[in-house]
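For reference, the structure is listed below as structure tokens.
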Amino acid sequence: MKKLAIILVLTASIIAAWFLLRPSKSTNNGFTINGTVTGFPDSTKLYLQDATPGQKQNIIDSTQIANGKFTLKGKINGKTINVMLTTKNNEDYTFLWIENADIAFTATKGKFHDAVITGSETQLDEQKLDAMVKPVHQSTDSLNQVAQRDSFGLNRASLFKQFDALREKEVILSAQFVKENPNSIVSAETLNTYATALGKNKAQPLYDNLAPEIKTTIYGKNIAEYLMLNKNIKIGDKYADFALATPDGKIVKLSDFAGKVVLLDFWASWCAPCRSESPNLVAAYRRCKNKGFAILGVSLDLDKKEWFDAIAQDGLEWANVSDLRGDRCVPALMYSVSGIPDNFLIAKDGTVLARNLHGQELRDKLQSLLK
């Protein structure tokens, strides 16, 4: 999440020392990543993929590990891009910023996220951000272990709340980084990631504070799109209408369900917590559909087949729509959806009653509304 601009008028000895200690060597011929890794057998494949949002994850280069070493090469347009360095099937991966320079990468199997990366000036900004949010990530990892032991889902509601609290801390720290580093593309990438979590009112001044050239990046353009589309909907507001297609091409509007209690459910086929919540939603729908209750699912998928297969596998009997834009899904931007599963419970008169209800909380709320 993924400057060194030094003007020196110094003695020759100091200049020589700087050349020996500088972290990168810029080159017009492209980039070279020289890696040192431990724990991998020889011939393990590594892939370098473009991680620019809205782009296919094209492979820039690939190689094999030999005697704990590897080299990846290529040339990028512009100053920097965000890439993913990964093994086969993403068993081990990390995101990093590369430039047309000599870059060193040192890591251990299973710990690519803790890799030591030098030679990329942009990566230094990423490392500053990583250091700020590292305590939150450590707490999240610990909570994930607790969640994995809760195989029956007895503490699901409590765990959701704890995850939400950690997510909020991460968002606050990330916003602080963006505010303090308006000239960094890392700030634009970070704000692009967390704008929906911050909400329009907090994201707007952070965007306004970004340097003009940073606003012209793909990240800056995405933030501008969010600020344009977002409706800043809160509990007690009326819902914002939209229209999207089902897998078979039928256009469905949220307003089609006027007069019913509607659960607007944001999910995706690749979202494990969403899929684990599916049985609860199916049970609630079957229990209440004849009492004036409806669900409209909005998928944040990119792949139509994966979306369609998940609907069939989970037995989702209600209308499901998507524009297949992933987290750039228009309704998700409208409703400030920053993480899934997420949902909005809408009353018969169109008022948003609650957000992010799951399990027993959702059952209790529906029971009080649909007597």
Side-chain angles (χ1 to χ4, degrees), residues 1-6 17-53 55-134 137-138 140-141 177 181 184-190 193 217-219:
M1 280 120 340
K2 335 182 216 106
K3 283 175 193 299
L4 185 59
I6 303 178
W18 178 77
F19 270 97
L20 289 172
L21 296 174
R22 64 179 179 166
S24 66
K25 179 183 178 183
S26 184
T27 170
N28 292 326
N29 296 323
F31 66 84
T32 300
I33 302 176
N34 291 306
T36 301
V37 291
T38 56
F40 292 96
D42 280 354
S43 301
T44 298
K45 290 279 287 186
L46 289 175
Y47 304 89
L48 193 69
Q49 298 178 338
D50 190 342
T52 305
Q55 305 291 328
K56 298 183 76 173
Q57 287 193 328
N58 294 322
I59 296 175
I60 300 171
D61 193 18
S62 63
T63 191
Q64 293 183 347
I65 296 172
N67 298 319
K69 305 286 185 180
F70 70 85
T71 299
L72 291 160
K73 293 185 177 183
K75 188 172 184 178
I76 65 171
N77 297 320
K79 183 181 184 299
T80 184
I81 63 168
N82 195 231
V83 297
M84 181 170 70
L85 178 59
T86 178
T87 58
K88 186 177 180 180
N89 299 323
N90 296 340
E91 293 170 352
D92 213 346
Y93 69 92
T94 192
F95 292 92
L96 63 149
W97 294 90
I98 62 171
E99 301 160 4
N100 287 324
D102 294 330
I103 299 169
F105 180 94
T106 305
T108 301
K109 183 178 181 180
K111 296 184 178 180
F112 266 28
H113 291 295
D114 297 324
V116 176
I117 304 166
T118 59
S120 166
E121 297 168 9
T122 310
Q123 187 65 23
L124 295 177
D125 287 344
E126 183 68 42
Q127 290 167 1
K128 285 170 54 180
L129 173 61
D130 290 345
M132 291 175 67
V133 300
K134 185 175 182 178
H137 289 172
Q138 291 173 332
T140 302
D141 289 343
F177 175 88
N181 299 272
S184 174
I185 192 172
V186 176
S187 290
E189 190 271 342
T190 301
T193 300
T217 65
I218 183 62
Y219 308 103

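The basis for the numbers below is simple: all heavy atoms, side chains too, and nothing from hydrogens, waters or symmetry mates.
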Test item: [X] and [Y] side chains (from C-beta on) under 4.5 Å apart, heavy atoms:
X: T87; Y: F40; answer: yes
X: N29; Y: N100; answer: no
X: F70; Y: L85; answer: yes
X: E121; Y: T80; answer: no
X: T190; Y: Y219; answer: no
X: E189; Y: T193; answer: yes
X: F177; Y: V186; answer: yes
X: K128; Y: N181; answer: yes

Interatomic spacing from [atom1] in [X] to [atom2] in [Y] - rounded to 0.5 Å:
X: K73; Y: D102; atom1: NZ; atom2: CG; answer: 9.0 Å
X: S120; Y: K79; atom1: OG; atom2: NZ; answer: 7.0 Å
X: K75; Y: I98; atom1: NZ; atom2: CD1; answer: 13.0 Å
X: N89; Y: K45; atom1: CG; atom2: NZ; answer: 13.0 Å
X: I65; Y: D42; atom1: CD1; atom2: CG; answer: 8.5 Å
X: I81; Y: T217; atom1: CD1; atom2: OG1; answer: 13.5 Å

| request: Using atom types as modelled and distance alone, determine if a side-chain donor or acceptor of T71 lies under 3.5 Å from a backbone N or O of N34. | output: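 Here the side-chain-to-backbone pair does not exist.
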| Is the backbone of D50 close enough, under 3.5 Å, to the side chain of N58 for a donor and an acceptor to pair up by distance? | no
| query | Under 3.5 Å, is there a donor-acceptor pair linking the side chains of K69 and T36? | reply |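 Their side chains do contain a donor-acceptor pair, which is all the 3.5 Å distance test asks for.
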| request: Could you verify whether a donor N or O on one side chain and an acceptor N or O on the other, from E99 and T122, lie under 3.5 Å apart? | output: yes
| said: Does K134, at its NZ atom, have more than 12 non-hydrogen atoms belonging to other residues, nucleotides or ligands within less than 6.0 Å? | reply: no
Can you name the closest pair of heavy atoms from [X] and [Y] and give their distance?
X: F31; Y: I60; result: CZ-CG2, 4.0 Å
X: A101; Y: G119; result: CB-O, 3.8 Å
X: D125; Y: S184; result: OD2-OG, 2.8 Å
X: M84; Y: N90; result: CE-OD1, 3.7 Å

| request: Verify whether the ring centers belonging to F95 and H113 lie closer than 6.0 Å. | output: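 Judged by ring-centre distance (under 6.0 Å), F95 and H113 do not meet the cut-off.
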| note | Tested for side chain to side chain contact (heavy atoms under 4.5 Å, CB included) against T108, the lone hit among D92, T38, V37 is T38
| Pick from T63, T86, V83, I59: which one makes a side chain to side chain contact (heavy atoms under 4.5 Å, CB included) with L48? | V83
